[in-house]
**Q** 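This is the structure I have questions about; it appears just below.
Values in this document were obtained by computation on a predicted structure and should not be read as measured data. Convention: sequence-line order gives letters A, B, ...; per-chain numbering from 1.
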Amino acid sequence: MYKFLISIFFIFLIISNPSYANNNSFISISPTITEIIYSIDTQDQLKGVTTQCNFPEEAKQKPIIGDYYYINEQMLLDIKPNYILADDLSAFIAKKYKKYNIEPICLKFTNINSIYENILFLGKLTNKEENSINVVTDIKNKVKKAKSLNKHPNKKVLYIISTKPFRTIGKNSFITNIITESGNISITSELNTSYPIISLEYAINKNPDIIILDYHCNKNENISKLFPNSRIIKMTKQQSDIIDRPSPRFYKSIEFFAQLGEN
Amino acid sequence: MTKKQILSIILLVFLFFICLFLCLFYKLDINNKELILSYIRIPTIIKAIISGSCLAIAGMFLQTISKNALADPYLTGLSAGAGFGIVISILLFNSVNYSIFGFIGAIITAFLVILLSGFSKFSITKLILIGLSLNLFTGAIISFLILKNPDKSYEMTLILTGGFSSSEISDKFLVILFILTLIICSIFIPKLNALRLDNKLIFKNQSAANKYNIIFVILAAFLTSISVYCAGILGFVGIICPLLSKLIFGNDIRLLFFTNILLGSSLLLFSNFISTNIIYPLQIPLGIVISIVGVPFFIFFLLKKGGILNN
């Protein structure tokens with residue numbers, strides 16, 4: 001019993017330690033947010049990242065405190081950040097550490113505007129407001145330029161996340177927003193969800209012009225047989241990372257989709 | 001056979017053909033008819049029939065020899081073995097044909113469990129406990145691999161729930177394998193009728209009974225592996241179909257062998273129809289639909305005719 005009481009006492013000491021509250025230090029458990037942090041030049045306050053945070057290269061040098069689903073609590077208490085920054089996917093993990101007085105900040109990335117809003121918010125939080133405004137202005141200019149690259153608009157695009165089961169993007173997915181912004185049409189944009197598993201027959205009947213296969217998804221023979229009139233493009237890991245993440249590099253995704261009509 | 005049994009079989013055959021018809025022709029787009037039939041619907045139907053039959057028969061074998069209504073085809077640690085094979089294939093080979101890895105994983109696990117149970121000192125209890133231990137052990141490794149690979153965790157979890165999209169295999173090969181296994185099973189069926197009775201009364205000694213027990217465990221493992229090959233890991237079918245057959249048609253294994261094929265196939269065909277059409281174009285994972293469709297029927301029959309299970 002006394003061992004248990006001693007453990008409780010030490011945990012209490014750690015939690016109530018005044019040095020715990022360091023000014024503006026945070027960890028990021030979202031690769032997207034890590035990218036934003038670097039883009040607004042506030043990485044000195046970033047004290048830890050996850051195994052998925054692979055951009056920019058320097059992010060890999062930061063202490064790795066876990067991944068989407070698991071954080072090493074001991075490391076977290078050693079670092080003593082003020083905030084855990086998380087996105088929709090990792091929000092449930094971040095909320096667990098409120099008990100140690102580490103404030104979870106969960107950002108939602110639902111569309112392009114939400115990216116701008118989140119960059120400005122992080123600028124404010126880290127006292128880099130001016131940087132964040134400059135970054136947003138720069139991205140907006142790049143987006144305008146990227147959109148103008150589409151010389152053959154309104155191509156019907158089918159974006160496949162996985163073939164088994166057949167999973168694609170729906171109306172609420174950020175990628176659908178990107179495809180629309182690029183001047184093309186996502187054939188699954190009417191599905192009122194984010195990443196649905198759908199019937200293959202539905203996709204066949206929609207006759208897509210272009211099929212994009214995510215990096216993780218294998219280019220198997222059946223897809224070419226089932227969609228004989230469609231152009232099939234398999235993404236590289238780098239392209240997939242850019243498209244999957246609503247990061248400041250998202251204008252590159254618009255460039256990618258805008259140039260799909262080119263041969 | 002009684003009049004009631006004949007009528008029930010006719011109804012079951014009718015139900016099977018309705019399910020078959022729905023899966024083949026419901027809302028079939030005329031413009032892409034050939035493409036959809038040859039690449040999607042017919043292969044799915046073949047897999048549903050083979051998978052449903054295999055699970056139902058394997059469940060019947062294991063429930064009979066263990067004299068336990070709760071025995072299911074994954075008793076010998078097959079699900080975890082298959083799951084482990086599938087997870088490894090996705091992680092190491094980014095494999096499209098992960099069903100073949102599932103098949104191999106299931107077969108290896110089943111034979112490992114049978115070997116560990118010992119041929120001379122074989123007992124069903126030992127088999128169940130070793131299967132359970134291997135299930136837990138492999139299950140823990142699968143959970144660890146899923147957690148350590150968050151990029152692919154969602155995909156892996158979905159695949160492990162089972163479904164007909166999981167395999168890209170030659171239908172001819174599958175049909176031949178299935179028919180051959182059925183022929184071998186039907187040769188041993190009369191012996192299963194004897195095994196459901198008290199072994200001491202039927203066999204000279206326990207080792208004679210054990211010989212047949214081992215044969216049926218191997219057959220069940222092979223049937224379940226074929227099902228894993230077709231549709232991944234589908235729970236519940238292997239428990240519900242043999243029990244439901246027993247509730248409706250009695251205890252004669254020769255008749256149950258036939259009705260289990262029909263019932264297992266119909267359940268999977270109907271579940272597949274629901275999973276693809278109820279919120280079209282979205283799909284519900286097959287494993288979830290099977291439980292939602294199967295459980296109410298099962299409870300209904302259990303409440304009505306549950307007394308038969310005591311025999």
**Q** When rounded to the nearest 0.5 angstrom, what distance separates CG in A:L200 from CZ in B:R41?
**A** 11.0 Å
**Q** State whether a side-chain donor-acceptor pair under 3.5 Å links B:N31 with A:N205.
**A** no
**Q** Once you round to the nearest 0.5 Å, how far does OG1 of B:T276 lie from CD1 of A:I198?
**A** 12.5 Å
**Q** Are there over 12 heavy-atom neighbours, none belonging to B:F21, within less than 6.0 Å of that residue's CZ?
**A** no
**Q** Quick one: CD1 on B:I36 to CG on A:L226, what's the gap to the nearest 0.5 Å?
**A** 9.0 Å
**Q** Nearest 0.5 Å please: distance from the OH atom of A:Y202 over to the CG atom of B:D29.
**A** 12.5 Å
**Q** Kindly check if the number of other-residue, nucleotide or ligand heavy atoms within 6.0 Å of CZ (A:F92) is above 12?
**A** yes
**Q** Select one option (side chain, backbone, both, neither) describing which atoms of B:S153 are under 4.5 Å from chain A's heavy atoms.
**A** side chain
**Q** Mind checking the OG-CD1 spacing from A:S199 to B:I279? Nearest 0.5 Å is all I need.
**A** 11.5 Å
**Q** Does atom NZ of A:K171 have more than 12 heavy-atom neighbours from other groups under 6.0 Å away?
**A** no
**Q** What part of B:L147 lies closer than 4.5 angstrom to a heavy atom of chain A: side chain, backbone, both or neither?
**A** both
**Q** Do other residues, nucleotides or ligands put more than 12 heavy atoms under 6.0 Å from B:F270 CZ?
**A** no
**Q** Might you confirm whether atom CD of A:Q238 has over 12 heavy atoms from other residues, nucleotides or ligands at distances under 6.0 Å?
**A** no
**Q** Under a 4.0 Å N-O cut-off, is there an ion pair linking B:K27 with A:E201?
**A** no
**Q** With only heavy atoms counted, which part of A:I204 is less than 4.5 Å from chain B, the side chain, the backbone, both or neither?
**A** both
**Q** Counting only non-hydrogen atoms closer than 4.5 Å, does B:L282 touch chain A with its backbone (N, CA, C, O), its side chain (CB onward), both, or neither?
**A** both
**Q** Measuring heavy-atom distances to chain B, does A:T188 have an atom under 4.5 Å in its side chain, in its backbone, in both, or in neither?
**A** neither
